[in-house]
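Structure first, commentary second.
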Amino acid sequence: MIQLVLPDGNKMEFKEGVSLYEVAQAIGPGLAKAAVGALVDGELRDLRERVHENCAINIVTSASPQALEILRHTTSHIMAQAVRDLFPEAKLGIGPAIADGFYYDFDLSQRLSSADLGKISAEMRRIIAADLPIERLEKPKKEAEEILQERGEKLKLELVEELDMETVTFYQQGEFIDLCRGPHLPTTACVNPDAFQLTSVAGAYWRGDESRPMLQRIYGTAWEKKTDLDAYLERLTEIEARDHRKLMRQLDLVSFHEEAGVGLAYWHPKGGRMRVLIEDYWRKLHYEGGYEIVFTPHIGRAKLWETSGHLDFYRDDMYAPMDVDGQDYYIKPMNCPFHVMIYNSHTRSYRDLPLRWAELGTVYRYERSGVLHGMLRVRGFTQDDAHIICSPEQIDEEILRVLDFSLNLLRGFGFNKFKIELSVRDPKTPEKYAGEDRIWEQAEESLVKALEAKNFSYQRMEGEAVFYGPKIDIKIEDALGRMWQCTTIQFDFNIPGRFDMTYIGEDGTKQRPYMVHRALLGSLERFYALLVEHYNGAFPVWLSPLQVVVLPVSQDNIDYAQSIAQRLRAAEIRVQAWTEGGQTLNYLIRKAQMEKIPYMLVVGKREQENGNVAVRLRTEEDLGPRSLDQFIALINEKIERKELL
RNA sequence: GCCGGCGUAGCUCAGUGGUAGAGCAACGGUUUCGUAAACCGUAGGUCGGAGGUUCAACUCCUCUCGCCGGCUCCA
């Protein structure tokens with residue numbers, strides 16, 4: 001007998017080898033009917049699987065979050081079957097469920113286009129209507145290989161050969177059979193024919209490896225109900241409407257120019273104003289936070305990049321050298337070696353440490369053309385970079401500080417939801433990393449200590465550390481629930497040794513300092529794109545390039561409007577009086593709305609007589625008339641608190 | 001870089017082998033207006049670029065550049 005623990009803590013006994021479906025039935029027939037799978041010790045399994053030892057069981061019903069994963073996986077199989085029906089020569093790659101949907105990769109000589117998606121969808125509906133039972137078959141590995149060999153499924157064969165198991169599982173529905181771990185729904189009719197949609201076709205290398213053949217990938221999405229699908233599609237439309245590339249053009253913030261170079265951003269006056277505001281805030285916090293700000297050149301001699309090691313391991317991402325008086329100079333892809341130059345400019349004492357040097361350093365990296373993406377991925381960008389150089393004794397404190405500092409900075413921009421990841425070495429391949437074990441252990445310990453001292457929940461990413469040190473990354477969640485990595489805090493066990501950085505310790509001997517790289521916003525370009533999308537272009541007042549427009553009701557109010565603007569300007573409010581052009585008030589309001597200007601001050605006969613302004617917000621809310629001093633007090637408070645409006 | 005799609009006026013888009021269009025924006029004029037678009041007019045394009053097929057190419061073909069969706073990469 002084996003003992004299974006239910007989610008409520010109750011325990012039930014079963015004979016060894018009981019199927020999960022039988023377990024569900026034993027708990028309740030209603031549950032068994034609604035069941036689509038089960039979590040066994042947290043791992044998603046098929047109901048037809050059997051359990052042989054004590055474990056925790058959680059039956060997954062269509063109401064469970066995991067149900068969608070199963071549904072999508074099954075939908076991807078139905079799609080694969082449909083593709084095979086239409087293109088019998090298609091070879092199967094892999095077809096997993098992913099966030100919001102699924103995909104399946106095919107090796108198929110005929111080029112699929114989006115026009116084929118309709119045909120494939122129709123075939124899928126036919127398969128769903130046929131209500132084919134989905135069977136789970138366990139096969140010895142050898143037999144599995146024979147089946148795949150016979151069917152010419154060379155990709156699947158490769159997968160099964162790598163599996164370290166005695167038996168593997170297949171799933172079969174009608175004629176279609178596929179090597180698959182599962183789980184799957186009981187029949188094809190469990191998929192709602194109105195709640196899935198094939199979304200796109202794309203190329204994808206087999207197993208993500210560029211040296212391998214390129215397969216054709218079909219993406220799709222699937223939901224329990226049509227209303228869920230519709231809501232999802234609506235969300236995609238919303239994301240598209242908020243695309244920073246579109247908003248930046250509409251709001252006249254940033255442009256790109258084919259004739260002037262790819263992946264290089266041009267900040268227009270309004271975008272530039274915002275960048276200055278971002279940078280000013282950044283500088284203020286950095287000085288308050290004990291940083292010093294440094295400036296370094298844009299190019300450096302080849303020798304420097306040889307010493308740093310960049311020419312060995314980062315060359316592909318660097319631009320070709322330029323000849324300066326017979327010497328090779330490279331444009332910088334990173335700022336670190338330059339900061340090291342400053343450090344090494346004279347002897348450092350332990351009394352000097354910690355040093356915290358920050359720079360808004362503009363770097364250029366050769367990104368491959370296919371990866372460029374608006375302002376999120378460019379070839380020239382400004383990092384909000386800093387290097388913390390300290391003694392081993394100071395490192396815990398410094399990590400704690402920088403974590404706090406980063407979250408505080410990001411909160412200033414209105415981000416309040418974070419996800420923290422701790423990336424550490426892959427313990428299996430210690431030889432891949434620079435620096436001694438002892439240092440790695442201490443570094444990891446400092447990172448963990450800092451996270452735990454702050455009670456931050458974080459995810460440990462085994463083997464995700466870069467070769468020169470462990471790191472903490474902070475991802476922020478935007479208004480649409482998307483996660484973006486901004487902050488990275490990385491130990492560097494490579495550079496200090498390469499440049500022979502030292503300080504004189506208390507005992508008079510030379511010591512090697514610790515160096516931590518950190519970028520908090522990441523790159524200004526990327527962070528700015530993120531702000532644009534997060535706020536949908538309607539920025540908080542403190543960031544708005546134009547905070548107030550004064551709108552005269554008629555020509556008679558132009559002088560008054562201008563005097564109001566002048567007084568606001570004197571109060572350091574960014575303001576314009578729209579007094580040109582003889583347009584109607586409605587026209588001006590619409591224009592201001594489209595430009596997402598936070599405050600509109602309508603001034604007509606009534607306001608002029610009473611010395612007031614009528615305050616309208618871009619949310620369409622009308623605050624009514626108030627004195628200019630009252631308005632200035634209001635807006636200053638909003639600015640001070642970094643509120644939206 | 002690779003796979004697929006798309007490039008027409010500043011912007012959003014129509015035009016599928018036979019004389020390049022609309023709305024908005026711009027410019028000129030009229031209008032002086034109370035909370036999301038007043039009215040009339042003018043101008044604006046080697047249809048991304050190069051080559052080819054054709055009597056004729058925005059339209060078909062080849063190459064190329066750029067953008068978009070993926071893959072890959074991301075110290």
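Side chains included, hydrogens not; waters and symmetry mates left out as well; all remaining heavy atoms used. Letters A, B, ... are given to chains in the order of the sequence lines, protein chains preceding strands, and every chain is numbered from 1.
- At the heavy-atom level, A/R606 lies under 4.0 Å from base atoms of the strands shown.
- For the pair A/R618 and B/rA36, the criterion of a side-chain N or O lying under 4.0 Å from OP1 or OP2 is not met.
- Applying a 4.0 Å cut-off to non-hydrogen atoms, the residues of residues 203-211 of chain A that approach RNA chain B are A/G203, A/A204, A/Y205, A/G208, A/E210, listed by residue number.
- Heavy-atom distances under 4.0 Å link RNA chain B to A/M214, A/R217, A/Y219 of residues 212-219 of chain A, given in residue order.
- A/T584 has a side-chain polar atom (N or O) that falls below the 4.0 Å cut-off from OP1 or OP2 of B/rA38.
- A heavy atom closer than 4.0 Å to some atom of RNA chain B occurs in no member of residues 96-105 of chain A.
- Rounded to an integer number of Å, the gap from NE2 of A/H268 to C1' of B/rC11 is 13 Å.
- To the nearest whole angstrom, the two C1' atoms, one in B/rU62 and one in B/rA57, are 15 Å apart.
- Rounded to an integer number of Å, the gap from A/N610 CG to B/rG34 P is 18 Å.
- When heavy atoms are screened at a 4.0 angstrom cut-off, A/H373 is found touching the sugar-phosphate backbone but no base atom.
- Within the 6.0 Å centre-distance limit, the rings of A/F493 and A/F491 are counted as a close aromatic pair.
- Rounding to whole angstrom units, OH of residue A/Y599 and C1' of B/rU35 are separated by 17 Å.
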**Study point:** Base-pair map of RNA chain B as dot-bracket, where | denotes pairing with a different strand and pairs are Watson-Crick or G-U under 3.5 Å
**Key:** (((((((..((((....[..)))).(((((.......))))).....(((((..]....))))))))))))....
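- Residue-to-nucleotide contacts include no donor-acceptor pair under 3.5 Å from the side chain of A/R590 to the base of B/rU35.
- With sequence neighbours left out, A/W440 forms a side-chain hydrogen bond (donor to acceptor under 3.5 Å, both in side chains) with no residue at all.
- Atom CD of A/Q555 is separated from atom P of B/rU30 by 12 Å (rounded to the nearest Å).
- For A/R365, the side-chain atoms get nearest to B/rC74 when compared with the rest of B/rU35, B/rU32, B/rC74.
- Each of A/Q250 and A/G604 was assigned the nucleotide of RNA chain B with the nearest heavy atom; the assignment lying further toward the 5' end belongs to A/Q250.
- Look at A/S369 and you'll find a side-chain N or O under 4.0 angstrom from OP1 or OP2 of B/rG1.
- When heavy atoms are screened at a 4.0 angstrom cut-off, A/E607 is found touching base atoms of the nucleic acid.
- Regarding contacts with the backbone of B/rU32, every side-chain N or O of A/Y587 stays at 4.0 angstrom or more from both OP1 and OP2.
- Rounding to whole angstrom units, NE2 of residue A/H244 and P of B/rC67 are separated by 12 Å.
- The base of B/rG1 is not paired with the side chain of A/E367 by any donor and acceptor separated by under 3.5 Å.
- Contact annotation: A/R245 reaches the phosphate of B/rC68 (side-chain N/O to OP1 or OP2, under 4.0 Å).
- At a threshold of 4.0 angstrom between heavy atoms, the contacts of A/A614 include nucleobase atoms, whether or not backbone atoms are also involved.
- Contact annotation for A/K605: base contact, defined as any heavy-atom pair under 4.0 Å involving a base atom.
- Under 3.5 Å, the side chains of A/T579 and A/Q562 contain a donor-acceptor pair of N or O atoms.
- The distance from atom CZ of A/F256 to atom P of B/rG10 is 20 Å, rounded to the nearest whole Å.
- Annotation: ring-ring contact (aromatic ring centres under 6.0 Å, His included) contacts of A/F539 (sequence neighbours excluded): none.
- You'll find the ring centres of A/Y232 and A/W223 inside the 6.0 Å limit.
- Using modelled atom types, one finds no donor on one side chain facing an acceptor on the other under 3.5 Å when comparing A/D105 with A/W206.
- Within the nucleic acid shown, A/R377 comes within 4.0 Å of at least one base atom, counting heavy atoms only.
- Between the CG atom of A/L372 and the P atom of B/rG70 there is a distance of 14 Å, rounded to whole Å.
- Residue A/R616 has a polar side-chain atom (N or O) positioned under 4.0 Å from OP1 or OP2 of B/rA36.
- Comparing B/rC65, B/rG1, B/rG34 by their nearest atom to the side chain of A/V371 picks out B/rG1.
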